[in-house]
Amino acid sequence: MAAKYPHHEIEPKWQKFWDENKTFKVYNHSEKPKYYILDMFPYPSGAGLHVGHPEGYTATDILARYKRMQGFNVLHPMGWDAFGLPAEQYAIQTGVHPSLKTAENIATFKRQIKSLGFSYDWDREINTTDEKYYRWTQWIFLKLFEKGLAYEAEVAVNWCEELGTVLANEEVIDGKSERGGFPVVRKPMRQWMLKITAYADRLLDDLELVDWPDSIKEMQRNWIGRSEGARVRFAIPGIGDSVTVFTTRPDTLWGATYMVLAPEHPLVSRLTADEYSGVVKGYQDRAGRKSELDRTDLAKEKSGVFTGSYAVNPVNGKEIPIWISDYVLMSYGTGAIMAVPAHDQRDYEFAKLFELPIVEVVSGGDIKQAAFIEIESGIMINSTTPDGSFTINGLKPSIAIRNTIEWLGSNGFGEATIQYKLRDWLFSRQRYWGEPIPILHHEDGSVIPLNDSDLPLTLPVLDQIKPSGTGESPLVNAREWMQVVDLQSGMVYRRESNTMPQWAGSCWYYLRFLDPENSKQGWDPEIEKYWMPVDLYIGGAEHAVLHLLYARFWHKVLYDLGYVSTKEPFKRLINQGLILGEDGEKMSKSRGNVINPDDVVNVYGADTLRLYEMFLGPLERSKPWNTSGIEGIYRFLNRVWRNFVDETGQITRLSDSEPDLGLMREIHAAIKKVTDDMENISFNTAISQLMILNNYFRNMDLIPKSAMEIFVLLLAPFAPHLAEELWSKLEYMHSIAYEPWPKYSEEYLVKNDYEMAIQVNGKLRDTITVTNDASRDQILALAKSSEKVAKYVSGKAILKEIFIPQKLINIVVKS
RNA sequence: GCCGUGGUGGCGGAAUUGGUAGACGCGCUGGAUUUAGGAUCCAGUCUCCUACGGAGGUGCAGGUUCGAUUCCUGUCCGCGGCACCA
């Protein structure tokens, strides 16, 4: 009867040991080199942990443990990103205050995370909803405000009249509220914005400084979306004003046959001719009812209406009609375009639909068939000013663009400009469960920031969290809290009722981990200098753009103000892939394919779960869960146990002798492979190497103690509970956590002989074993003497002999 | 549509610079042990064929090369993100 290893005893035992001995407590000063390894901290949802969380956490834990064994002072903290919509929705439905529900969720998450044996320094645990934490989130907001990076603006939000509240995009489904199915409209409301666009260039350029996957960098570049072009002013004689458009193709100005404004462009009402005002208003209404997503997503067919007005094309003085259409977005560029149907796909479709003229100004395509948008192969035509003083005919578009911009500039019609896709960050939320924005409004309209000494501005306790009905946050229901009277001057102020978005707390949490107890500062600058930057940051790919971009933005502001010492917060980044359900689909309650880590830990133990998630495949890739696969890992750990421990729980098969050369080779090959794989974060192959070494032990009667020890050390980062248990059975009284990582020596990896492949015309025909000192001629002779080879070579002319040392011989014969 | 990413046995995957494709694990097959089952151990397991031998094979079609999973061109499919960005 082969005993199962007792993970139910071992795992809680060592978790308790680590807790009581504060094994993983980390200090801010050390002789050791530092290593800061960070997980994206979780939102503690009511559903508890799912198996996707431990994937990233296991990877960072393995590396943290490995780095400790290599002599690094490792900072590896965990905390909670606990503000957010679900707790507030739950409060509205049940009356349970978000702080209570949040505390409950955190307790569950913490219990689950601790059951997996991660080596966090729990003394540094933080919680974004703790006033001791968000006091500093508010402080950073004030710094942004002082720097002129926070401003108020009227911005359209999803307004639901029936619910009397503003909805997040995810709460709106097909233009209706998710709750109740009520209509939702776009309504402008006063909002706080953060001027992230002021940092666009640096956010773009400094991607050079970080060691991130190219694909993530590319996504951020695309999000920032820098594009070079020109602003061009078109006069509108009818109203004595002008409209400015942005274009990347000023060379095609002569082909601009009409102009399109976004329906909400401020000039639309002024330039709409009386007889068109009905249709224009109707069109604006319809566009306003669509969300931005609907406008872009569903508008496969072009639509639009003519305003009745005309603009003057500056390059040829021609009058062109002005239309409005929702394919032009107010939020990008100037909200107006010059339409060049011959050389832009969208304009081409629109012109075809409404039978507008199409004028070719770049030759090389067939504009009867499609818009010609090539920038390198075309040649400019039909592009001369009426007085003949300026032409770009005969030029390549890339040259023509430069020349045209110059001409526009010297004639006062426009100038070169850089446009970003990136928009300013809409920072305020009409919610209760978020950080209050530390701002006062005076009735004269002035805006006054709170003093540092007034922080934290805590959330008022509300008996019931319910919508204000006006679209403002539920905070306006706290009448006393909202009103502030200055006792000295008698002035009356109203508090800002908006709160911050969930992103705020996660924008700087990596800094608070450095110095979480500090009540005087967000963090001590000396401590910051010691730990920053984060050496390795691991989290889900869904945060590839927004979270990482926002955090980089705040970090750069803090850098400019001298509060942090590095330009970039996260040196190296890895995005783990999704763990899919057994059906290969994304895990979700509705599909019924969710695996609960508690169940896995209960049946197989935490070490098995950790190992299995790492063995599934490369960390970055998405991969499906497979329940019978986990059995294989469980068997492996049981085999490890039986290799070391007998049925009575005593260490067994232990020998004091030195390992022989064959075993030494296996051991050192394993050290090398596992170490290399650690550096490359290639844990699946590291684990298979441990399996190979363990299989080698299985065939031995006695195992030398030194060999056992090295195996346990290599296993320790992956299966820490089992490793601690075996380590203690090898009669060590202290934790394995800080034992030095084994080193390999090349001498054991060198063999006396090796195998060589022999190919004939590229096909494998035989393999031979040769000694290290064999010469090329000796090996070739040996190869040719092989019967299997001779069969294909004899009687044929040898054209070539390819000899790759240590690897193969390829004999090329005339066939 | 665009951008990113991937496509290798029945399944998850391995193959660090172009050099013996399929490591390791799962599953499956046979055997040992067992009253039986489970567990454990041993052996086999890419496909096809005329089978002690040979042919084919890394989504598909070409190309470069003595030699391609790896490099190049074209093409198909899956996944993720974005979505009229001027």
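Proteins get letters first, then strands, A, B, ... in listed order; numbering begins at 1 in each.
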Could I get a table of every N or O pair under 3.5 Å where one atom is in the protein and the other is in nucleotides 13-15 of chain B?
residue	atom	partner	partner atom	Å
B:G13	O3'	A:Asn684	ND2	3.4
B:A14	OP1	A:Asn684	ND2	3.1

Check: protein-nucleotides 18-20 of chain B nitrogen or oxygen pairs below 3.5 Å:
residue	atom	partner	partner atom	Å
B:U20	N3	A:Glu755	OE1	3.2
B:U20	O4	A:Glu755	OE1	2.8

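Rounded to the nearest Å, the gap between the C1' atom of B:G62 and that of B:U45 is 34 Å. Look at the C1' atom in both B:U29 and B:G81: the space between them is 45 Å, to the nearest Å. Separating the P atom of B:G56 from that of B:U17 is a span of 28 Å, rounded to the nearest Å. Comparing B:G22 with B:C46, their P atoms sit 9 Å apart, to the nearest whole Å. The P atoms of B:G10 and B:C2 are separated by 34 Å, rounded to the nearest whole Å. Separating the P atom of B:C71 from that of B:A15 is a span of 14 Å, rounded to the nearest Å. Comparing the P positions of B:U58 and B:C52 gives a spacing of 25 Å, expressed to the nearest Å. With both ends at atom C1', the span from B:C66 to B:U20 equals 15 Å, rounded to whole Å.
Taking 90° from 0 as the syn/anti boundary, the base of B:G9 is oriented syn.
Spacing between atom CG of A:Asn222 and atom C1' of B:U5 amounts to 14 Å, rounded to whole angstrom units. Taking atom OH on A:Tyr5 and atom C1' on B:A39, their separation rounds to 16 Å, with Å as the unit. Distance A:Lys217 NZ to B:U5 P: 13 Å, rounded to the nearest Å. Between A:Glu218 atom CD and B:C2 atom P there is a gap of 16 Å when expressed in whole angstrom units. For A:Leu637 and B:G25, the CG to C1' distance is 13 Å, given to the nearest whole Å. Distance, A:Ile216 CD1 to B:G4 C1': 9 Å, rounded to whole Å. Residue A:Met614 contributes atom CE, which lies 14 Å from atom C1' of B:G12 at whole-angstrom precision. Protein atom CG of A:Leu690 is 12 Å distant from nucleotide atom P of B:G25, rounded to whole Å.
When heavy atoms are screened at a 4.0 angstrom cut-off, A:Arg765 is found touching the sugar-phosphate backbone but no base atom.
Between the A:His343 side chain and the A:Val362 main chain, a donor and an acceptor come within less than 3.5 Å of each other. At distances below 3.5 Å, at least one donor-acceptor pair connects side-chain atoms of A:Lys623 with backbone N or O atoms of A:Pro618.
Residue A:Arg642 places its side chain closer to B:C41 than to any other of B:A39, B:C41, B:A86. Distance from the side chain of A:Asn695 is smallest for B:C24 among the nucleotides B:G4, B:C24, B:A86. Each of B:G56, B:C24, B:A86 was ranked by its minimum atom distance to the side chain of A:Ile692; first place goes to B:C24. With distances taken from any side-chain atom of A:Ser688 to the nucleotides B:U5, B:C24, B:G27, the minimum falls on B:C24. The A:Lys800 side chain lies nearest to B:C66 when the options are B:G27, B:C66, B:C82. Residue A:Asn626 has its side chain nearest to B:C26 when only B:A39, B:C26, B:C3 are considered.
Regarding contacts with the backbone of B:U40, every side-chain N or O of A:Arg698 stays at 4.0 angstrom or more from both OP1 and OP2. Contact between the side-chain N/O atoms of A:Lys763 and the OP1/OP2 oxygens of B:G56 is found at a separation under 4.0 Å. Distances shorter than 4.0 Å separate some side-chain N or O of A:Arg635 from OP1 or OP2 on B:G27. Taking side-chain N and O atoms only, A:Tyr792 has a distance below 4.0 Å to OP1 or OP2 of B:G54.
Partners of A:Ser785 under the side-chain hydrogen bond (donor to acceptor under 3.5 Å, both in side chains) rule, at least two apart in sequence or in another chain, do not exist in this structure. For the side chain to side chain contact (heavy atoms under 4.5 Å, CB included) test, residues two or more places apart in sequence or in another chain that qualify with A:Ala783 are A:Ile758, A:Ile768, A:Ile809. In this structure, A:Asn680 has no side-chain hydrogen bond (donor to acceptor under 3.5 Å, both in side chains) partners at least two apart in sequence or on a different chain. Every residue meeting the ring-ring contact (aromatic ring centres under 6.0 Å, His included) condition with A:Tyr66, not counting sequence neighbours, appears here in chain and number order: A:Trp741. Partners of A:Phe354 according to the ring-ring contact (aromatic ring centres under 6.0 Å, His included) rule, which considers only residues two or more places apart in sequence or in another chain, are A:Trp323, A:Phe350. Residues that satisfy the side-chain hydrogen bond (donor to acceptor under 3.5 Å, both in side chains) test with A:Ser786, not counting sequence neighbours, are A:Asp766. By the side-chain hydrogen bond (donor to acceptor under 3.5 Å, both in side chains) test, A:Glu620 pairs with no residue at all, sequence neighbours left out.
Mapping A:Met691 and A:Ser227 onto RNA chain B by nearest heavy atom places A:Met691 at the nucleotide closer to the 5' end. For the pair A:Lys788 and A:Asp344, both in contact range of RNA chain B, the more 5′-proximal nearest nucleotide belongs to A:Lys788.
Between A:Arg226 and A:Asp201 there is a salt bridge, since a side-chain N of the basic residue sits under 4.0 Å from a carboxylate O of the acidic one. The pair A:Glu647-A:Arg642 does not count as a salt bridge, with every side-chain nitrogen at least 4.0 angstrom from each carboxylate oxygen.
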All N/O donor-acceptor pairs, side-chain side in residues 609-616 of chain A, below 3.5 Å, sequence neighbours left out:
residue	atom	partner	partner atom	Å
A:Arg610	NE	A:Phe718	O	3.0
A:Arg610	NH1	A:Asp61	OD2	2.9
A:Arg610	NH1	A:Leu116	O	3.2
A:Arg610	NH1	A:Gly117	O	3.3
A:Arg610	NH2	A:Asp61	OD2	2.8
A:Arg610	NH2	A:Pro717	O	2.9
A:Tyr612	OH	A:Asn626	N	3.0
A:Tyr612	OH	A:Asn626	O	3.0
A:Glu613	OE1	A:Glu55	N	3.0

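Seen from the ring of A:Trp641, A:Arg635 does not count as a face-on cation partner, given the 6.0 Å and 45° thresholds.
Listed by first and then second residue, the salt bridge (Lys or Arg N to Asp or Glu O under 4.0 Å) pairs that reach into residues 670-696 of chain A are A:Lys672-A:Asp676, A:Lys673-A:Asp677, sequence neighbours excluded.
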Problem set entry | Per-nucleotide pairing state of RNA chain B [Watson-Crick or G-U, under 3.5 Å; [ ] pseudoknot-crossing; | other strand] | (((((((..(((......[....)))((((((.......))))))((((...))))..(((((..]....))))))))))))....

